[in-house]
Asks: 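Here it is, the structure, as structure tokens.
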Amino acid sequence: MLVDNHNRTINYLRLAVTDRCNLRCNYCMPAEGISFVKNEKLLTIDELKTVAEVLVDQGVDKIRITGGEPFVRKDIMVLLRHLTKLKGLDDISVTTNATLIGPHIDELKALGIKNINVSLDAIDRATFERITRRNQYDTVHENLIRLVSEGFNVRINFIVLDGQNEQDIVPILEVMKHYPVSVRFLEEMPFNGGSKSFQTIKWNYKAILDHITTHFPSYKKLVSPDTSTSINYQIEGHQSTFGLIPSFSRTFCGSCNRLRVTATGDVITCLYGKPKANLRDLVRGANAETDVKTAILNAVGSRAKTGFDAQKEHAHVFDNSMTSIGG
Ligand code: SAM
Ligand code: SF4
């Protein structure tokens, strides 16, 4: 079992498989993109397998595949097929923009990969296209409907962006009320490749809740697991639920159970801190498993207590983009 220096058990890995993406969401990347790393700097599928195996051996029982956009990687299904065979790994999930998932839906279902998070920050076409800077609205909606009707456990991630999509908060809940999905509203974080920085946000989780409950006064709070980053609710008469993720306010650090490995092998023990190790050379070396294991143990043994503490580790925390970190 992996336990950090603040006695928190780490059992959840967020594994980014690429930094590339076919969208340019304006909260994640500048319009021109970021400078994507060279192919040889990305972990190969075999290297990703080794990293996952070592971590599962150390007690990780939940892996979320993220990116960049995981499905821009042509060999992504090779990794997913392998992960489903790992003993001790109980939960494999994927975070996607749902543009390229279509051809893989049947196989994902057959593999038993049920938990899919879809990033969708607008229900209105023009707003979607303005935010993502791409013309993929119909594909995303088609794939979303397919995922829901095929019985996947779908969670929609909607980042509330001041002046851009607050007018879609109530409409997305109105549309989704007929479906068994969870709509999670996230606070925006200034990780968009350095073109934007801010100290406070208008749409913090309390403001989002106020906005929603003004429109839907009959709702109840749901019981959520201790390690959940979302505070969850259900509106009376709605099949869907909704959640609030205080990603900028950071109220959940005390129960943080997660570790991130980026597509280039950086080990990130807190989203707001500096990478604590890099696994790429280790996993390419002669003693891959032992060296990766040791690096992970060292990283987990020196975790910051909170995101605010981690942020003090470096001056330019917000120069990075979520497409490199994996969200
Ligand atoms: N491309 C996939 C997608 O969009 O779902 C996976 C990668 S994306 C970087 C992972 C998550 O990070 C998404 O849910 C996205 O909304 C979130 N994200 C990206 N930039 C963010 C920001 N500046 N603040 C908060 N969340 C962000
Ligand atoms: Fe791509 Fe996801 Fe970033 Fe949007 S949030 S640009 S879909 S990586």
Side-chain angles (χ1 to χ4, degrees), residues 13-34 36-37 63-73 76 93-101 104 115-122 127-137 139-140 143-144 147 152 154-162 164-165 168 172 182-198 200-205 208 229-230 243-250 252 258 260-263 266 268 271-272 307 317-327:
L13 169 66
R14 294 179 67 97
L15 184 60
V17 295
T18 181
D19 62 343
R20 276 86 161 143
C21 188
N22 56 333
L23 301 186
R24 290 288 179 274
C25 305
N26 62 22
Y27 53 80
C28 180
M29 272 199 256
E32 64 281 10
I34 56 162
F36 297 108
V37 300
I63 297 184
R64 173 169 296 282
I65 299 298
T66 175
E69 173 49 38
F71 293 97
V72 299
R73 217 173 147 151
I76 183 64
S93 52
V94 183
T95 298
T96 175
N97 61 29
T99 54
L100 303 167
I101 197 173
H104 305 293
N115 298 323
I116 309 285
N117 284 9
V118 173
S119 298
L120 179 66
D121 310 292
T127 309
F128 174 89
E129 291 179 358
R130 199 160 49 241
I131 293 173
T132 62
R133 304 188 179 108
R134 294 290 184 272
N135 181 9
Q136 289 288 322
Y137 183 86
T139 312
V140 169
N143 286 334
L144 182 59
L147 286 166
F152 285 86
V154 175
R155 300 193 300 189
I156 293 171
N157 285 348
F158 181 118
I159 300 179
V160 183
L161 305 158
D162 187 16
Q164 295 200 67
N165 63 356
D168 277 26
I172 199 169
S182 166
V183 185
R184 290 129 39 100
F185 297 97
L186 285 86
E187 294 176 348
E188 184 184 9
M189 292 180 270
F191 289 111
N192 68 335
S195 57
K196 189 176 181 185
S197 75
F198 44 83
T200 57
I201 44 172
K202 176 178 169 200
W203 288 101
N204 61 32
Y205 69 105
I208 302 168
T229 51
S230 59
L244 305 172
I245 304 192
S247 28
F248 186 77
S249 307
R250 286 164 260 179
F252 43 61
R258 53 187 61 195
R260 292 173 167 83
V261 175
T262 70
D266 276 347
I268 297 185
L271 198 48
Y272 288 86
V317 55
F318 297 131
D319 286 358
N320 217 336
S321 156
M322 278 296 198
T323 198
S324 308
I325 309 170

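Just so you know, ligand 1 is whichever comes first in the structure, and atom 1 is the first atom listed for that ligand.
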Asks: Classify the contact between Asn117 and ligand 1 as side chain, backbone, both or neither, using a heavy-atom distance cut-off of under 4.0 Å.
Replies: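 No part of Asn117 is near ligand 1 at this cut-off.
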Asks: Hey, does Ile245 have a side-chain heavy atom less than 4.5 Å from the side chain of Phe252?
Replies: yes
Asks: Within a strict 4.5 Å, meaning less than it, do heavy atoms of the Val94 and Phe71 side chains meet?
Replies: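 In contact.
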Asks: Taking the side chain as every heavy atom from C-beta outward, state whether Thr96 and Ile116 have any pair of such atoms under 4.5 Å apart.
Replies: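 Thr96 vs Ile116: side chains touch.
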Asks: Would you call Phe128 and Asp121 a side-chain contact if the rule is heavy atoms closer than 4.5 Å?
Replies: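 In short, these two side chains do not touch, never coming nearer than 4.5 Å.
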Asks: So, applying side chain to side chain contact (heavy atoms under 4.5 Å, CB included) with Tyr205, which one of Ser247, Ser230, Pro246 is it?
Replies: Pro246
Asks: Among side-chain atoms of Thr99 and Asn22, is any donor-acceptor pair under 3.5 angstrom?
Replies: yes
Asks: Which residue from Asn157, Ile159, Leu161 reaches closest to atom 17 (C) of ligand 1 through any of its heavy atoms?
Replies: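 Heavy atom nearest to atom 17 (C) of ligand 1 belongs to Ile159.
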Asks: Please list, in chain and residue-number order, the protein N/O/S atoms closer than 2.8 Å to atom 3 (Fe) of ligand 2.
Replies: Cys28 SG
Asks: Any side-chain heavy atom of Phe158 within less than 4.5 Å of one from Ile172?
Replies: yes
Asks: Are any of the N/O atoms on Gly68, whether in the backbone or the side chain, positioned under 3.5 angstrom from an N/O atom of ligand 1?
Replies: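 In this structure, Gly68 places an N or O atom under 3.5 Å from an N or O of ligand 1.
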Asks: What atoms of ligand 1 come closer than 4.0 angstrom to any heavy atom of Glu187?
Replies: 25 (C)
Asks: Do Ser321 side-chain atoms and Cys28 backbone N/O form a donor-acceptor pair below 3.5 Å?
Replies: yes
Asks: Report yes if some heavy atom in the side chain of Gln164 is under 4.5 Å from a heavy atom in the side chain of Asn26; otherwise report no.
Replies: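 The answer is yes, as the side chains (C-beta and beyond) meet within the 4.5 Å cut-off.
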Asks: Any N or O of Thr66 that comes nearer than 3.5 Å to an N or O of ligand 1?
Replies: no
Asks: Just distances here: any N/O of Glu188 and N/O of ligand 1 closer than 3.5 Å?
Replies: no
Asks: Does Asp121 reach ligand 1 with a nitrogen or oxygen that is under 3.5 Å from one of the ligand's nitrogen or oxygen atoms?
Replies: no
Asks: Would you say the side-chain atoms of Asn143 pair up with the backbone N or O of Ala98, donor to acceptor, closer than 3.5 Å?
Replies: yes
Asks: Do Phe248 and Leu186 have side-chain heavy atoms sitting under 4.5 Å apart?
Replies: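 Result no, sub-4.5 Å side-chain heavy-atom pair not found.
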Asks: List the closest protein heavy-atom neighbour of atom 20 (N) of ligand 1: residue, atom name, distance to the nearest 0.1 Å.
Replies: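 In this structure, atom 20 (N) of ligand 1 has Met322 CG, 3.0 Å as its nearest protein heavy atom.
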Asks: Which residue owns the protein heavy atom closest to atom 8 (S) of ligand 1, what's the atom, and how far is it?
Replies: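 Among all protein heavy atoms, the one nearest atom 8 (S) of ligand 1 is Gly67 O, 4.3 Å.
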Asks: Under 3.5 Å, is there a donor-acceptor pair between the side chain of Glu129 and the main chain of Gln136?
Replies: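 No; zero donor-acceptor contacts below 3.5 Å.
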Asks: Applying a 4.0 Å heavy-atom criterion (strictly less than), which segment of Thr95 is in contact with ligand 1: side chain, backbone, both, or neither?
Replies: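 Both backbone and side chain of Thr95 come within 4.0 Å of ligand 1.
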Asks: Please tell me if the side chains of Arg64 and Asn117 come closer than 4.5 Å, counting only heavy atoms from C-beta onward.
Replies: yes
Asks: Using a 4.0 Å cutoff against the non-hydrogen atoms of Asn97, which atoms of ligand 1 qualify?
Replies: 2 (C), 3 (C), 5 (O)
Asks: What residue and atom, counting heavy atoms only, is the protein's closest point to atom 11 (C) of ligand 1, and at what distance?
Replies: Gly327 CA, 4.0 Å
Asks: Is there a polar contact between ligand 1 and Met189, counting only N or O atoms under 3.5 Å apart?
Replies: yes
Asks: Note the single closest protein heavy atom to atom 3 (C) of ligand 1, along with its residue, its atom name and the distance in Å.
Replies: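 The protein heavy atom lying closest is Ser119 OG, 3.2 Å.
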Asks: With respect to Thr323, determine whether any N or O atom, backbone or side chain, lies less than 3.5 Å from an N or O atom of ligand 1.
Replies: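 No - when backbone and side-chain N and O of Thr323 are compared with those of ligand 1, no distance drops under 3.5 Å.
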Asks: For atom 10 (C) of ligand 1, what's the nearest protein heavy-atom neighbour? Residue, atom name and distance, please.
Replies: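 Ranked first by proximity to atom 10 (C) of ligand 1 is Gly326 O, 3.7 Å.
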Asks: Atoms of ligand 1 less than 4.0 Å from Phe191 heavy atoms?
Replies: 23 (N)
Asks: Any sub-3.5 Å donor-acceptor pair from Ser93's side-chain atoms to Asn115's backbone N or O?
Replies: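 Not at all, since once roles are kept as given, no pair shorter than 3.5 Å links the two residues.
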